[in-house]
Every structure is written in structure tokens, then in C-alpha cells.
K.L.:
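Supplied in C-alpha cells, the structure appears directly below.
So you know, we letter chains A, B, ... as the sequences are listed, proteins then strands, and number each from 1.
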There are 2 protein chains.
Amino acid sequence: MKVTIYDVAKKAGVSISTVSRVINNTGRISEKTKKKVLEVIETLQYQPSVVASALTGKRTRTIGLIIPDVANPFFAEIARSVEDRGRELGFNLLMCNTDNNPDTEEMYLSLLKQKSVDGIIIGTTTKNYTIIKDLLQERFPIALIAQDIPELTIDVVCVDDFLGGYMATSHLVSLGHKKIAIMLGSMNHTSEKFRFQAYRQVLEENGIEYDEKLVLYTDYSIENSRRAALEILQSPQRPSAIFAHFDSLAIGVYQAAKELGLNIPDDLSVIGFDNTILATIVDPPLTTIAQPIHEMGRQVMDLLVQEIEGNKKLKQRVILPPELIVRHSTKENARS
Amino acid sequence: MKVTIYDVAKKAGVSISTVSRVINNTGRISEKTKKKVLEVIETLQYQPSVVASALTGKRTRTIGLIIPDVANPFFAEIARSVEDRGRELGFNLLMCNTDNNPDTEEMYLSLLKQKSVDGIIIGTTTKNYTIIKDLLQERFPIALIAQDIPELTIDVVCVDDFLGGYMATSHLVSLGHKKIAIMLGSMNHTSEKFRFQAYRQVLEENGIEYDEKLVLYTDYSIENSRRAALEILQSPQRPSAIFAHFDSLAIGVYQAAKELGLNIPDDLSVIGFDNTILATIVDPPLTTIAQPIHEMGRQVMDLLVQEIEGNKKLKQRVILPPELIVRHSTKENARS
DNA sequence: TTGAAAGCGCTAACAA
DNA sequence: TTGTTAGCGCTTTCAA
């Protein structure tokens, strides 16, 4: 049978509260009994049950992480960085993939509460505002990563998407590109809205007319971005550059370009967003806007844990700066 | 305050045991009271506490997943497939990244037990045999994925690594390659041992002399595989083909080849292993040995859950067949 | 078909 | 400094 606090108490010749005290390092205990208890714990290989202690109101030291899909390199890296910080702080991660399906998300939200997680980190482009509002209302620790819901007072850590979009578009414009297509995953994504706004603003600032034919919609799949790129690249308004909202979408553009015998960057400049591992291994290496993923993971975890420990009064938005990483997929516009 | 089973009982005018019964669908209850209780549960938004029920000996319906690194696409895909099956079966995943560090792994193993997970899936190249043996001894549900420990009687799901190595090497040999380098992550990995044995056997069967200078050791990083490839490709025994034990290592080979102005597949054939997303996005697309990742995730979860539910007497090894995916990184040996 | 009550392993008053 | 005891929210006999 599993060894419990009673076994330890009996063997050490003390009461269970004494054992509890030495485990949690609370109250005052004589060095002697403390040593004795520690010894017994050691020899009995006693491990306190988190379940039992959670039932008395203590933390489970477990946090739920809700993301669309870990198989997506961006979220895999997010998950990793969150977990790293969690480990440092003594928290485990319960991983939930939703594919951005609101029902799955709702299911998980409720399940995580049943499992008494101490807090939840959300990285999906959720539409379940109501549920989140309820959670917030009952002061359940919750934080957003890589996604913002401006209409909510909530802890969030994300990159400055407007600035990122601005950098990306400016980079292209500075290279002499005028026909710049922009490829979106979905307009529901707040981040994408900002990136798109920046795109438009840069065009305007540079006297380039906005052409909605150059706005490409896809889902988040490489396959669909390939298709969208294939189409626009064969159309009369063939762009000389494409700003893809995610590195993965840029990959689809690469594939389309290759199929059409177009050289990147000579015939077409491509810039991505995220700076995942994908950006470094494609050929040519992808110019992209880096999100400080590692830092983001660290910061959400910090924010959430502060919330959990209760030493935080105000919600805050942490907006981290993106960075333009110039590699070899962008070049001066040859047609200009 | 959180609504408990007592609140429901009181409001429904029944005892808590009755409520418990309708929740768990046990015992016989009159339709009438059942309906009444269900109603109250609904209006009160009651959600049973997993923590409390776990304390009485029921499952936590949580499983620990120990892997080296989710940021590695192979393990990300493994994690995803395991989670998918877990969701279907009503289990959540506690994600643990160890970087193959035995101490971290040991820490997690102990933590997971404290948290009363119902079982553990291990995907790391663990060296903690003793701990695993202990776990096995006390009949703790545990299963291995993508890795085998032949000396243990344990549930495992993995690909037929020998066959995979055989396919890879044969493919290269059939293309006329004689100087075939093999790139390993580490010889501690059981999978790699099998792949390596197969490599040697194919050479032997084809009368090709084994040259240990063609055995390249790296860690698992792209950077180091790049370096190793750079070296061998500039040495007198420059191979005409390289069998990389992981797709990621193949990427390093690509980078080295590019640096040296070598064309793949004209000047050098490269074959990988895993068939992760990486294989599809590099240029040229990578010929590789596919692991049936999705199926593997599904099967470990099934195995583990059977173990958990106790309707399984024998441990079993599920060895799934690999598949050769020929893309464009391998070609007939021009030098032959 | 239902209820009372013991107990799961632990924490935290409260007493001593 | 240490021990006793009452819960935490639930499941499960055992009785009724």
C-alpha cells in the first residue's frame, strides 16, 4: 500500500501534524524531531499526496495550457517556454489542444476547473468570451498568450503585432516593392487585425494604393496558402512581394513559387512572421518578424503565478517588441 | 464558494449518496429523483471535484507524458497524437520535457506519482532503469513510446527500427551508393542501435566494406549535424550518400551541402528518418523513413488505458512498420 | 430506492 | 514544541 503521513508519524513516534509541519516547513519544530521525521520520510520513501493536500485547499501546482495545436511549431515552442518557466516555479502543465474549436475549448475549460488547476493560460483565438468573463469574475487566475482580447481586462502577454506588421511591410516597401500581397490565416485573430492595419498604414504613408485583391485569405494550412499563392502569382496583379502572417503560410508561398518556376527572392520577396524553426530551414532562409517566444512564455507564467499567489492587484498587458530578422527571402524589387 | 455535492443534495432534497449515484450512474435510482437531481445539478452548475473523488480512490484521469522536448517536431507530433487519443478516452496529459536529462526525468517521475496520475508514457531515451523497474514492480501503469528497453518487460509501441534502417540503407545501395555515411544522435538510443545494425547488415549483404570513418556522431542538434557533415564532406572519404537518423539531422546535412556548393541529390543523396513536417518543407523535399506517428500515439494510449483499467494481463510490444517515403533528396550515384 | 456514516490523506486551528 | 481534531468533497459499504 501507499505510504501515508500516518505511517511516517507512527514510525517516527510523533503525530501527523508534526510530520505535516516538517514537510511544509511551517511552525516551529525542534531540530531533533525534524531530523528524525526527515529520516523516516527518507527510509519510507514517503511522498505526500498532492491530491489530499489539494483537498484541504492547497494548490495543485498544475496549470492548464490551452493552445490550438502543439504540432504547430509556433505553439510547440510556446508550450516549451511556458513549461520551462513552470518547472522553475514548481508548476506542471496540463496540455490541451483545441484546433480552435470553441466546443473543445469549452470542454477543456470546464474540465480544468474540475481538476482544480491553479490557473489557465490560453493561446487560442477563442470566441468564448462569456466563459472567460465568468472565470475572470470569480477571480480565477487566467492569462492570455500570443493573443489579445482588447475588450477584456485580463493578463496578456503578446508581441506588438501592429509594430510587427509595420516592420514587415516597411521592410518590403524600403526594398522598392509596391505590389505587396498580404496573406492572412483568419480575420478573427486579433493579432492579425493589427498586422493588417499596420500593413495598410505603411502603404498609405508611402503613397501606395491599397488593393484588396492583394489580400489573401487562407486557413492556417500550408496547403491552402500554397493554393492562394498559386492563384495570385498567376493573376494579372502578380505581387512582387508577399507578407505572410505566419511562417507556415510563407512555406506555402515557397512551394507555389517553386511550382511556377519563380525564384525567391529574385522574382518574389517573401516575409513571414513568428521566426519558428521553419524559417531557418527553408531555402532560402526566410526573412521574418521574430516573436520573443521564450520571453513570452516566461512572462505569462510569471504573471499567472503572481495572480495565483495573490500578490497582484492589477491585470496587465505585456506587449513585447518584435524584431525584424532579415535572411534571404527578401530583396530589392527587380521590376521597379 | 464552489458548489459541492452537499449543495446539490440539499436543494434536491436528497442525500449526498443519492447525488453521487446519479453522477456516477451507479446503483438503482428512481427516474423521478434522478431527474430532479440532474435538474438541480444543471441549475447550480455543479461540477464534481476530481480531486475529492480521486482521494477516495478513483482515477484522476490524467496521464503523464515524458518526452525530451516538445519543441522538437517529432515529439510535438507524438504529443499531439497521444493527446488526441487521450481526449477520446477521457484522459488529460501532463506534459514533461526532460531534454533527456536523467535528473529532470527522475524529478518528474516522482512528481507525477505525487500528483496521482493514472499512468505514465515515456518517450525519452531514459537511463533510469531502476526507477522504471520499481514502477513496474508496484504495477504502476507505464508505457514506452518511440523507444524500447529490450531488457524490460513493459508495454511499448515503436516503429521497427531495424527494418527502417534496413529500408533506408537498401534504398541508398539500390541507387548505386557505396560510400554511405550514417549520422547518429547518440548510441544510447536503442532505436539508433537497431538502425545502425541494419545499416551494417545491408552493407555486408551487398559486399560493401564497413568504414567506421563514415559513422558520424552528433548530439541531436542541427548545428552539430551541420558541423559533422561539413567535416566528412570535405574529407578524403567524402560519401556519396548520408543516412541521417533523424530528419532534423538531415537538415544539418542540407546546410553543410549548401555551404560547400554541393547539390542535393546530384552530388549527395540524403535520407532522413521520422517523416516530420521538416521533411516536407526543405528543398529538395527529403526522402525519409516514415514513422506512423499518429498510430503510435493512439496505440500507446490504448495500451496504457487497458493497463489502467486492469483488463490486461500481459505486457506487449507493438512494433509498427516504417515506410520509405521517396522524395527528391536521393538519386542514383553519379560517381559510380 | 434511499440515507447515514466511515474514511480517503492531508492541513490548520486550537489545546496542551 | 507538539498533539488532537475537525474538516476538505467525494465514494461506498451497510442499514433501513
K.L.:
Using whole Å, report how far OH of A:Tyr46 lies from C1' of C:dC10.
P.N.:
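It works out to 7 Å between those atoms.
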
K.L.:
Separation of A:Lys115 atom NZ from D:dG9 atom C1', in whole Å?
P.N.:
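Going from A:Lys115 (NZ) to D:dG9 (C1'), I get 17 Å.
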
K.L.:
So for atom NZ, which belongs to B:Lys11, do other residues, nucleotides or ligands contribute more than 12 heavy atoms lying within a distance under 6.0 Å?
P.N.:
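Open.
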
K.L.:
Assign B:Val51 to base, sugar-phosphate, or nothing according to its heavy-atom contacts below 4.0 angstrom with the strands shown.
P.N.:
nothing

K.L.:
Can you measure A:Lys10 atom NZ to C:dC10 atom C1' for me and round it to whole angstrom units?
P.N.:
17 Å

K.L.:
Angle, rounded to 10°, between the helical axes spanning five pairs at each terminus of the helix from C:dT1-D:dA16 to C:dA16-D:dT1?
P.N.:
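Taking the rotation axis at each end, their angle is 40°.
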
K.L.:
Once you round it to whole Å, what is the distance between P of C:dG9 and NZ of B:Lys58?
P.N.:
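It works out to 17 Å between those atoms.
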
K.L.:
Return the value, rounded to whole Å, for the distance between atom NZ of B:Lys36 and atom C1' of C:dT2.
P.N.:
17 Å

K.L.:
When the distance from CG of A:Asp7 to C1' of C:dC10 is rounded to whole Å, what number comes out?
P.N.:
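So the CG-C1' distance, A:Asp7 to C:dC10, works out to 13 Å.
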
K.L.:
What N/O pairs connect the protein and nucleotides 6-8 of chain D at under 3.5 Å? Give each pair on its own line.
P.N.:
unit_1: D:dC8; atom_1: O2; unit_2: A:Leu55; atom_2: O; d: 3.4

K.L.:
Are the charged groups of A:Glu88 and A:Arg85 less than 4.0 angstrom apart, N to O?
P.N.:
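The answer is yes: the pair qualifies as a salt bridge.
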
K.L.:
Taking only heavy atoms on the protein side, list every residue of residues 17-34 of chain B lying under 4.0 Å from any atom of DNA chain C, sorted numerically.
P.N.:
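Going residue by residue through residues 17-34 of chain B, the ones with a heavy atom under 4.0 Å of DNA chain C turn out to be B:Ser17, B:Thr18, B:Arg21, B:Arg28, B:Ile29, B:Ser30, B:Thr33.
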
K.L.:
Do other residues, nucleotides or ligands put more than 12 heavy atoms under 6.0 Å from the CD atom of A:Glu42?
P.N.:
no

K.L.:
Determine: side-chain N/O of B:Ser49 to OP1/OP2 of D:dG9, distance under 4.0 Å, yes or no.
P.N.:
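No, no such contact exists.
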
K.L.:
Roughly, in whole Å, what's the span from CD in B:Gln114 to C1' in C:dC10?
P.N.:
13 Å

K.L.:
Looking at B:Lys35 and B:Glu31, is any side-chain nitrogen of the basic one under 4.0 Å from a carboxylate oxygen of the acidic one?
P.N.:
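A salt bridge is absent here (no side-chain N lies under 4.0 Å from a carboxylate O).
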
K.L.:
Do A:Gln47 and B:Ser110 have side-chain atoms, one donor and one acceptor, less than 3.5 Å apart?
P.N.:
yes

